[in-house]
K.L.:
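Would you mind keeping the following structure in view while I ask a few things?
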Amino acid sequence: MKPDVKVKIGELELKNPLMTASGTCGYGDELGTYFDVSMLGAVVSKSLTLKPKIGNEPPRVAEVACGMLNSIGLANIGVSRFIDEKIPRLDELGALVVANIAAKRVEDYVSLAEILAANKSVRGLELNLSCPNVKEGGIEFGTDVKTLSSIVKLVRKVFPRTLIVKLTPNVTRIGDFAKAAETEGADGVTVANTYVGMAIDINSMMPKIHTVTGGLSGPAVKPLTMARVFQVSKSVSIPIVASGGIFTWQDVVEYMIAGAAAVEIGTALFTKPDVPSGLLNGIEAYAAGRKLEKLSDLTGSLRFERDNVPHMDRH
Amino acid sequence: MKPDVKVKIGELELKNPLMTASGTCGYGDELGTYFDVSMLGAVVSKSLTLKPKIGNEPPRVAEVACGMLNSIGLANIGVSRFIDEKIPRLDELGALVVANIAAKRVEDYVSLAEILAANKSVRGLELNLSCPNVKEGGIEFGTDVKTLSSIVKLVRKVFPRTLIVKLTPNVTRIGDFAKAAETEGADGVTVANTYVGMAIDINSMMPKIHTVTGGLSGPAVKPLTMARVFQVSKSVSIPIVASGGIFTWQDVVEYMIAGAAAVEIGTALFTKPDVPSGLLNGIEAYAAGRKLEKLSDLTGSLRFERDNVPHMDRH
Amino acid sequence: MAGKSFLETAVTVNTRKVAEQTFISTFRSPRISALVEAGQFVMASFPGTIDPLLPRAFSVCDVEDDTLSLLYVAVGRGTRKISELMPGAELILNGPLGNGFPERESGRKIWVAVGGSGAAILPILSRSAKRVGSEVRFFYGARTMSQLVPFKEATNIAHATDDGSAGFHGNVVGLLKQELRRDTPEMLFGCGPTPMLVSMQKEFGTKIPTYLSVETPMACGMGLCQGCPIKKSDSVDYYLACKDGPVFRSTEIEFEVKP
Amino acid sequence: MAGKSFLETAVTVNTRKVAEQTFISTFRSPRISALVEAGQFVMASFPGTIDPLLPRAFSVCDVEDDTLSLLYVAVGRGTRKISELMPGAELILNGPLGNGFPERESGRKIWVAVGGSGAAILPILSRSAKRVGSEVRFFYGARTMSQLVPFKEATNIAHATDDGSAGFHGNVVGLLKQELRRDTPEMLFGCGPTPMLVSMQKEFGTKIPTYLSVETPMACGMGLCQGCPIKKSDSVDYYLACKDGPVFRSTEIEFEVKP
Ligand SMILES: Cc1cc2nc3c(=O)[nH]c(=O)nc-3n(C[C@H](O)[C@H](O)[C@H](O)COP(=O)(O)OP(=O)(O)OC[C@H]3O[C@@H](n4cnc5c(N)ncnc54)[C@H](O)[C@@H]3O)c2cc1C
Ligand SMILES: Cc1cc2nc3c(=O)[nH]c(=O)nc-3n(C[C@H](O)[C@H](O)[C@H](O)COP(=O)(O)OP(=O)(O)OC[C@H]3O[C@@H](n4cnc5c(N)ncnc54)[C@H](O)[C@@H]3O)c2cc1C
Ligand SMILES: Cc1cc2nc3c(=O)[nH]c(=O)nc-3n(C[C@H](O)[C@H](O)[C@H](O)COP(=O)(O)O)c2cc1C
Ligand SMILES: Cc1cc2nc3c(=O)[nH]c(=O)nc-3n(C[C@H](O)[C@H](O)[C@H](O)COP(=O)(O)O)c2cc1C
Ligand code: FES
Ligand code: FES
């Protein structure tokens, strides 16, 4: 018997736990060339801003061991064109749309949420808080618990459907941030965005990324994000969406055992844009082999002893 | 002409920037089987504790993409046996010895430093602060700036020779920690220890490491530590020792360009225990090709524009 | 507008060393071969490993029946690894990607300048020119003779080498300038290292309809990552090299040259 | 005490499939071959790649002139990759490492139980037994017949299969128990999966001098990382499987069995 693979985040029901990660699938429609995107649990848009953004100067991407660095600088067509041009296309393709938003000012997050709340095709909102906060001298929104709380609180007021907060991993105790998001009414948290990294071309002696540092993604970050998913799962009871280095169905299962309800596939799409369909087959077969009725029974099923974990209390 | 490859950290002069990383070379003597360890800038011991420690239950190591997780639990023979058995052997081999110490109580760091100060073969001390602080409920010493400051201050009083503070990368702003170490009189900082990571065996549904989470090392962490070396170099003026994923001579050059004065080789020794000698040839040839008089001219030679770096002020 | 693309497990037919560090490998890849046009590219990745992780971009060099070939200079981890593929070994290809060179009509006079691995486009352009009956001349530059790939099928190739060991003594732009004193093409195509394209844009861009195939780092090659910006000449905005290019009209783009 | 070890770039001579998923590969590795003893191991790693990153441990299966062979079950990334090495391809070997089985004297009666990839030690033990003139009997277990490697040179092998498809119907410990009713060896060696070793320790450890070759995850294989602890039976402390073992007297160690 086929196991039930549905997943719920807030009121939103996904047909399976596989989502695309923001910024790694264009606006979702490009993937249609390679597979039927309606098979996905959800398509998450590139981070949208109020006005279109041209993004950073090149070079924007560089390969490193088992990963890549990027510094795209939120290049995107802006929320209006997204609604006018992309949503109809995604509706046509039968994709369930989650809009990811980013801003440099708190007010802009709220405006974006209001605009997107008005469009019923936008079934969920994911807040990207890994952006420099202009008021606070460029410190990322997501690295200060108070700022995070205030944004989530304000956005929660204007966006009635599923609200997911995407956490930055570049903090000492990510559990505190997850807890704050939960307290302010988020329906879920995505763990995690990219890690601050850097690479240098030793011939030119210049950084390989124009902005010097960039965000690390890919298999290299999987163990790091795995630990954070586990830690967050001990801090909150809202669903966790895992994002970091998912390339195989085994990676999906591993994240679910660690505590994730759903996952986002990012960098893997660059090599194999049709990878989600293969992953679904893999996890269904695993769940069937384990005779699981519901795939979601995997979530948080790690067999471990609390006493073995150093300073478990801190998580 | 051969470039001058000497490096100074505090009063200590290393014949070249290549050191071994604590915990990845036993006590240094085992490496003698594979190459002449007197060629190294320094040999850094396994973290020593006041009493011998048997360490954690297995499994203690697991491979992940481009890296490994470990949770050895400070298994070591204790400071007395190190002095009695290992120092004479290292002296015989002509190795320059830096002792790395770890403890769960502030007082113990001081006692260890006193004991090692009395032995003239110990030319430098490296403080491993990635240990659970028993008094503070298991939070790592190295994740709290105040605790770090107080340990460095106390150790500085009793250890007159070169003192290096090894920083944990698992914090939001590593520059603050480096700055604190410098303020309290450290001669250098090592950037960085391992990153909290985790892996799960999806068949047994158990963690691949007994303590559930472990420390990630290897090429996977190189871009992360590279960014931290760069950030720390903008925060302090004492020498930086880079540690993270060094496998090739190009990695050494890259870290030096980012801001490191010296480097530590860790996980790479497990595959090729004689790797340091090859690295030295590589960096010498690179320096000669660039017509550098001193290899140390590479340190911090990154060609970048300050304005390109997002929130540079925060570093 | 780019058309339909496929993700195809291609099978290595053979690999030949054709010049210093330079190889041509042929792969059985029926779906991509059937559609690819001159100037389009594929993203190649290795099954079963994450080293290297990202796919690599290669212009398609030639097509024959259900096979296509790639010409590459084995400089890094990806290209060295391709050069070592045994017949029968698999390589994952995503393509055809991007927009090729503009349609060629019968009788049109086209000059094509290529340099280094940019020579990859020579065979496929030569073949399509023959098919549509346009008149094509190639100008092919390299540092030295040993780096020049001897193309047997293609005719009408003038060589330039920096050291004068074969053909014109100087770079390919110098050779073009010399030839332009005698004759002028209707269109000029360029494919090669960025400095060569920059120089072509400067020298000929406003005088002759010039089309350049640009190279930028690419993570995906299909518009997913926004990693491959190339400055628009007429506004403060970027094209994506992979989707809007890699072939651009020279007047449409600006090269951001590093100091 | 382990002796001198070398890091040697070994060259693949050939690879043969010898049973289901099981291979024997031979490598030219003169320095390690010259020194290795039965029960010692090598750490094998791949030049020029970081996938996989860590070296893998393999007991040396046999030695002939300047070559040595490894027997392995191709289960993961490392072993699969070794099975695909072409003749002439390089593999980095670090060895010989660890302590082998105790010295065998002429006339000594030794029984050896092996299971799964533990069968690797059979040829080298058989060869050294012949040399010193000791009398060795092998007991070789597997799940089913197709997983049994047919060793031609070695004689005196009794088989056990879980499904009864060859030899004794049951596991190798069951077979040993049956044979022990008729005869008793002076020493008993064991090499195979941990549950088999646990069972040997329990059944025979206190009755016969028993030596077990243990398997633990290993990052370095040479005492650098402290990653391979194995519990001492007589104190709250650990041996290192790589340096103090991998062969231990059964009474010296305790297996920490997971619930
Ligand atoms: C549209 C397009 C078509 C191309 N066609 C060809 C071709 O036909 N033949 C050929 O030999 N090369 C071609 N290249 C360049 C080719 O993609 C790189 O040379 C190749 O990626 C180098 O790979 P590597 O693994 O050997 O080098 P590595 O140094 O290991 O590559 C490391 C990283 O740097 C990037 N990179 C390195 N060099 C370049 C470069 N010159 N351009 C873009 N990215 C680079 C790679 O994408 C990779 O992520 C093309 C590039 C583009 C964008
Ligand atoms: C002293 C010793 C001798 C060995 N001799 C042999 C032999 O002769 N033939 C043989 O087939 N195998 C032998 N093994 C086991 C062998 O090292 C593993 O089977 C092998 O590492 C699996 O590698 P892989 O890359 O195919 O698997 P992967 O699953 O890709 O390995 C991933 C990681 O898990 C570890 N690992 C996985 N399985 C084991 C295991 N059973 N034991 C220890 N670590 C493991 C590896 O070290 C590696 O880091 C020996 C192990 C030890 C410790
Ligand atoms: C090229 C690129 C662009 C990205 N853009 C965004 C973005 O706009 N908004 C966002 O929230 N995350 C963005 N991310 C982060 C991814 O959504 C994802 O969380 C991260 O890459 C980790 O997953 P992965 O290892 O599977 O790629 C981007 C990642 C990459 C590689
Ligand atoms: C097995 C292992 C044991 C380690 N033990 C210690 C230790 O005792 N003390 C310490 O300060 N760092 C320890 N480290 C961290 C290393 O010294 C080094 O900082 C880290 O591994 C990053 O470098 P690498 O990627 O080159 O290994 C250990 C690392 C490994 C892999
Ligand atoms: S390479 Fe990804 S958008 Fe062009
Ligand atoms: S495997 Fe490293 S000490 Fe044994």
Side-chain angles (χ1 to χ4, degrees), chain B residues 20-21 23-35 46-47 52-77 201 204 206 208-210 214 217-220 222 245 247-248 266-275 277-278, chain D residues 2-9 43-57 75-78 91-97 194 214-232 235-243 253-259:
Chain B
T20 54
T24 63
C25 57
Y27 301 96
D29 52 341
E30 285 90 346
L31 282 180
T33 317
Y34 297 95
F35 72 104
K46 173 79 196 160
S47 280
K53 276 181 75 78
I54 66 160
N56 291 333
E57 278 181 51
R60 291 181 180 178
V61 293
E63 191 178 76
V64 293
C66 289
M68 64 175 282
L69 296 171
N70 89 77
S71 177
I72 306 297
L74 296 178
N76 82 100
I77 55 176
D201 178 334
S204 68
M206 281 168 48
K208 287 195 181 175
I209 295 282
H210 179 80
S217 64
K222 196 186 77 171
F247 273 60
T248 67
T267 304
L269 297 171
F270 301 164
T271 312
K272 296 204 190 110
D274 66 353
V275 75
S277 44
Chain D
K4 180 83 188 143
S5 312
F6 298 99
L7 199 61
E8 181 158 72
T9 302
M43 294 296 280
S45 57
F46 302 94
T49 183
I50 43 178
D51 175 23
L53 186 76
L54 295 175
R56 302 315 202 226
V75 289
R77 293 209 315 291
L91 186 71
I92 296 169
L93 297 183
N94 180 9
L97 296 167
T194 304
V214 304
E215 265 191 31
T216 69
M218 287 186 180
C220 75
M222 49 187 154
L224 302 180
C225 75
Q226 308 268 332
C228 57
I230 180 117
K231 195 75 196 52
K232 290 186 185 174
S235 72
V236 188
D237 197 1
Y238 288 109
Y239 290 111
L240 291 183
C242 70
K243 262 184 69 170
I253 56 170
E254 243 173 50
F255 289 101
E256 294 172 294
V257 189
K258 288 272 136 71

K.L.:
What are the two closest non-hydrogen atoms of Thr271(B) and Leu53(D), and how far apart are they?
P.N.:
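Nearest pair, atom of Thr271(B) first, then Leu53(D): OG1-O, 3.2 Å.
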K.L.:
With chain B, which of Asp51(D), Thr216(D), Leu224(D), Asp237(D) has the greatest number of heavy-atom pairs at distances under 4.5 Å?
P.N.:
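Of Asp51(D), Thr216(D), Leu224(D), Asp237(D), Leu224(D) has the most heavy-atom pairs under 4.5 Å with chain B.
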K.L.:
If I measure from the heavy atoms of chain D, does Asn56(B) come under 4.5 Å with its side chain, its backbone, both, or neither?
P.N.:
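Asn56(B) touches chain D through backbone heavy atoms alone.
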K.L.:
Look at the side chain of Gln226(D) and the backbone N and O of Ile72(B), then say whether any donor-acceptor pair between them is shorter than 3.5 Å.
P.N.:
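No: the side chain of Gln226(D) does not pair with the backbone of Ile72(B).
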K.L.:
For the atom pair CD (Glu63(B)) and CZ (Arg77(D)), what is the distance rounded to the nearest 0.5 Å?
P.N.:
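One finds 5.5 Å between CD of Glu63(B) and CZ of Arg77(D).
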K.L.:
Output the option from Thr248(B), Asn70(B), Ile54(B) having the highest count of non-hydrogen pairs under 4.5 Å with chain D.
P.N.:
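Option with the top pair count is Ile54(B).
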K.L.:
Tell me, do Glu57(B) and Tyr238(D) make a side-chain contact under 4.5 Å, heavy atoms counted?
P.N.:
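Yes - at least one pair of side-chain heavy atoms lies under 4.5 Å apart.
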K.L.:
Please state whether the side chain, the backbone, both or neither of Asp274(B) comes within less than 4.5 Å of a heavy atom of chain D.
P.N.:
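Both parts, heavy atoms under 4.5 Å.
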K.L.:
Against chain B, label Ile92(D) side chain, backbone, both or neither, depending on which of its atoms sit under 4.5 Å from a heavy atom there.
P.N.:
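Contact with chain B involves the side chain of Ile92(D) alone.
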K.L.:
Could you tell me which portion of Met43(D) (side chain, backbone, both or neither) has an atom closer than 4.5 angstrom to a non-hydrogen atom of chain B?
P.N.:
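Contact with chain B involves no heavy atom of Met43(D) at all.
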K.L.:
Measure distances from Pro273(B) to the heavy atoms of chain D and classify the residue's part below 4.5 Å as side chain, backbone, both or neither.
P.N.:
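Contact with chain D: backbone and side chain both.
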K.L.:
Which atoms of Thr267(B) are under 4.5 Å from chain D, going by heavy atoms: the side chain, the backbone, both sets, or neither?
P.N.:
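Looking at Thr267(B), just its side chain touches chain D.
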K.L.:
Below 4.5 Å, heavy-atom pairs only: which of Ser45(D), Pro52(D), Pro229(D) has the largest tally toward chain B?
P.N.:
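Top count of heavy-atom pairs under 4.5 Å with chain B: Pro229(D).
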K.L.:
Are side-chain heavy atoms of Val61(B) and Met218(D) found at a separation under 4.5 Å?
P.N.:
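No, side chains not in contact.
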K.L.:
For Lys272(B), is it the side chain, the backbone, both, or neither that has a heavy atom closer than 4.5 Å to a heavy atom of chain D?
P.N.:
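Both backbone and side chain of Lys272(B) come within 4.5 Å of chain D.
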K.L.:
Heavy atoms only: give me the nearest Tyr34(B)-Phe6(D) pair and the separation to one decimal.
P.N.:
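Minimum heavy-atom contact is CE2-C, 4.1 Å.
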K.L.:
Let's test your reading of the structure: which of Ala219(D), Cys228(D), Gly221(D) forms the most heavy-atom pairs below 4.5 Å with chain B?
P.N.:
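Winner by heavy-atom pair count: Ala219(D).
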K.L.:
Is it the side chain or the backbone of Phe46(D) that comes within 4.5 Å of chain B heavy atoms, both, or neither?
P.N.:
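Neither the backbone nor the side chain of Phe46(D) comes within 4.5 Å of chain B.
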K.L.:
Tell me, for Asn94(D) versus chain B, whether the close heavy atoms (under 4.5 Å) come from the side chain, the backbone, both or neither.
P.N.:
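When you check distances to chain B, only side chain atoms of Asn94(D) fall under 4.5 Å.
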K.L.:
If you define the side chain from C-beta out and look only at heavy atoms, does anything of Leu269(B) sit under 4.5 Å from Cys220(D)?
P.N.:
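They are not in side-chain contact.
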